[in-house]
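In what follows, a structure is listed as structure tokens, so that the remarks can point back to it.
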Amino acid sequence: MKFAVVVFPGSNCDHDAYHAVKHVLGQPAEFLWHKDTSLQGADVVILPGGFSYGDYLRTGAIARFSPVMQAVTAFAAQGGPVLGICNGFQILCEAGLLEGALIRNRQVQFRCEHVNVRVEQVDTPFTQAGTAGQVLSLPIAHGEGQYFADSDVLDRIETQRQVIFRYATAAGEVTPEANCNGSMNNIAGVCNATRNVVGLMPHPERACEQVLGSDDGLVLFESVLRRLTVGAV
């Protein structure tokens, strides 16, 4: 199994994602430059966090036009598993691979802290090793992570169980106080209608070893390993 980590100008969590896959999971991993037009045989694609193109226009708005995104879009259309983390989530939304948008945090502050995230659905390639209701301790680091969607989109993704993660308390309660950035319905991550593309604002790749304060993020990477070695849930 081969992982591809896409590097955009301004990515700064690419090496974190590479380390989690290559050195923690022990799986083959390669970096892809944003101008590449091929995924070079990757089985899983990760769009990492950072500040692609400096976020000068709007988060992810320029990166979506990078040549590699055509290959990522084709890969996703064929059912390939794609994970977008933080800026990667923003890029997936800008590219139309996920619905909704990420706007300035409610507090108009950059937030860098550990939060609790409740797993809502376990039938995606990145959650099937988890359990519904499981609470993960994951770090966030973003200024534009407030999930927003119009009422029609919000109703549809809720009805179709496309909300994969919600900000919650340590006990798993979804409360306004646990909503670190003001996201609608406490949404921390969503998937597409066919469930193979997942995006989330917290950073699971920074929570794969206890020395970092949590290894709860491993569930996402172990899930996709299970998916590709054992099969779909």
Side-chain angles (χ1 to χ4, degrees), residues 1-53 55 59-98 124-129 138 141 164-165 189-192 194-209 217-232:
M1 182 187 308
K2 181 179 176 182
F3 286 74
V5 179
V6 179
V7 182
F8 299 92
S11 294
N12 66 8
C13 302
D14 42 352
H15 282 268
D16 296 336
Y18 181 92
H19 173 74
V21 172
K22 181 82 172 183
H23 301 299
V24 180
L25 290 181
Q27 297 298 312
E30 299 286 344
F31 290 115
L32 294 180
W33 184 230
H34 76 115
K35 289 187 177 181
D36 288 340
T37 56
S38 168
L39 300 183
Q40 301 179 20
D43 300 297
V44 183
V45 174
I46 298 175
L47 304 188
F51 301 91
S52 57
Y53 294 91
D55 286 348
T59 54
I62 301 176
R64 62 157 296 193
F65 294 107
S66 289
V68 74
M69 289 306 297
Q70 294 184 28
V72 172
T73 299
F75 179 72
Q78 295 167 0
V82 178
L83 177 65
I85 302 169
C86 197
N87 193 219
F89 184 16
Q90 295 160 342
I91 294 169
L92 290 174
C93 289
E94 290 288 339
L97 294 177
L98 292 174
T124 80
F126 297 101
T127 54
Q128 72 176 79
L138 301 176
I164 306 304
F165 302 106
V190 300
C191 71
N192 62 346
T194 50
R195 314 190 80 74
N196 59 302
V197 179
V198 169
L200 76 165
M201 287 310 297
H203 287 263
E205 82 284 11
R206 293 183 182 176
C208 287
E209 297 167 282
L218 276 173
V219 69
L220 280 84
F221 300 102
E222 291 173 341
S223 288
V224 75
L225 282 176
R226 180 184 298 183
R227 170 63 172 260
L228 295 181
T229 54
V230 178

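Treat the numbers as computed from the prediction; the structure is a model and nothing was measured.
- With sequence neighbours excluded, the residues forming a ring pair (Phe, Tyr, Trp, His ring centres under 6.0 Å) with Y53 are H34, listed by chain and number.
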Acceptor/donor pairs from residues 196-204 side chains to any protein atom, 3.5 angstrom cut, sequence neighbours excluded:
residue: N196; atom: OD1; partner: N192; partner atom: ND2; Å: 3.1
residue: N196; atom: OD1; partner: T194; partner atom: OG1; Å: 2.7
residue: N196; atom: ND2; partner: A76; partner atom: O; Å: 2.9
residue: N196; atom: ND2; partner: G80; partner atom: O; Å: 2.9
residue: H203; atom: ND1; partner: E205; partner atom: OE2; Å: 2.8

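- Listed by first and then second residue, the side chain to side chain donor-acceptor pair (under 3.5 Å) pairs that reach into residues 68-86 come to none, sequence neighbours excluded.
- Residues passing the salt bridge (Lys or Arg N to Asp or Glu O under 4.0 Å) test with R64: none are found, sequence neighbours excluded.
- Under the 3.5 Å distance criterion, the side-chain polar atoms of S66 are left unmatched by any main-chain donor or acceptor of M69.
- Contact annotation: the side chain of I164 approaches that of T124 to within less than 4.5 Å [non-hydrogen atoms, C-beta and beyond].
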Distance-only donor-acceptor pairs under 3.5 Å for side chains of residues 86-95, two or more places apart:
residue: N87; atom: OD1; partner: S52; partner atom: N; Å: 2.9
residue: N87; atom: OD1; partner: S52; partner atom: OG; Å: 2.9
residue: N87; atom: ND2; partner: Q90; partner atom: OE1; Å: 2.8
residue: Q90; atom: NE2; partner: E144; partner atom: O; Å: 2.7
residue: E94; atom: OE1; partner: R58; partner atom: NH2; Å: 2.8
residue: E94; atom: OE2; partner: R58; partner atom: NE; Å: 2.8
residue: E94; atom: OE2; partner: R58; partner atom: NH2; Å: 3.4

Could you pull out every donor-acceptor pair under 3.5 Å between side chains of residues 3-30 and any protein atom, sequence neighbours left out?
residue: S11; atom: OG; partner: F8; partner atom: N; Å: 2.9
residue: S11; atom: OG; partner: F8; partner atom: O; Å: 3.2
residue: D16; atom: OD2; partner: R206; partner atom: NE; Å: 3.4
residue: H19; atom: NE2; partner: E209; partner atom: OE1; Å: 3.1

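- Residue pairs meeting the salt bridge (charged side-chain N to carboxylate O under 4.0 Å, His left out) criterion with at least one member in residues 1-10: none, sequence neighbours excluded.
- The side-chain hydrogen bond (donor to acceptor under 3.5 Å, both in side chains) search around T59 returns none, not counting sequence neighbours.
- Listed by first and then second residue, the salt bridge (charged side-chain N to carboxylate O under 4.0 Å, His left out) pairs that reach into residues 69-88 come to none, sequence neighbours excluded.
- Pairs passing the side chain to side chain donor-acceptor pair (under 3.5 Å) check and including a residue from residues 40-50, sequence neighbours excluded, do not occur.
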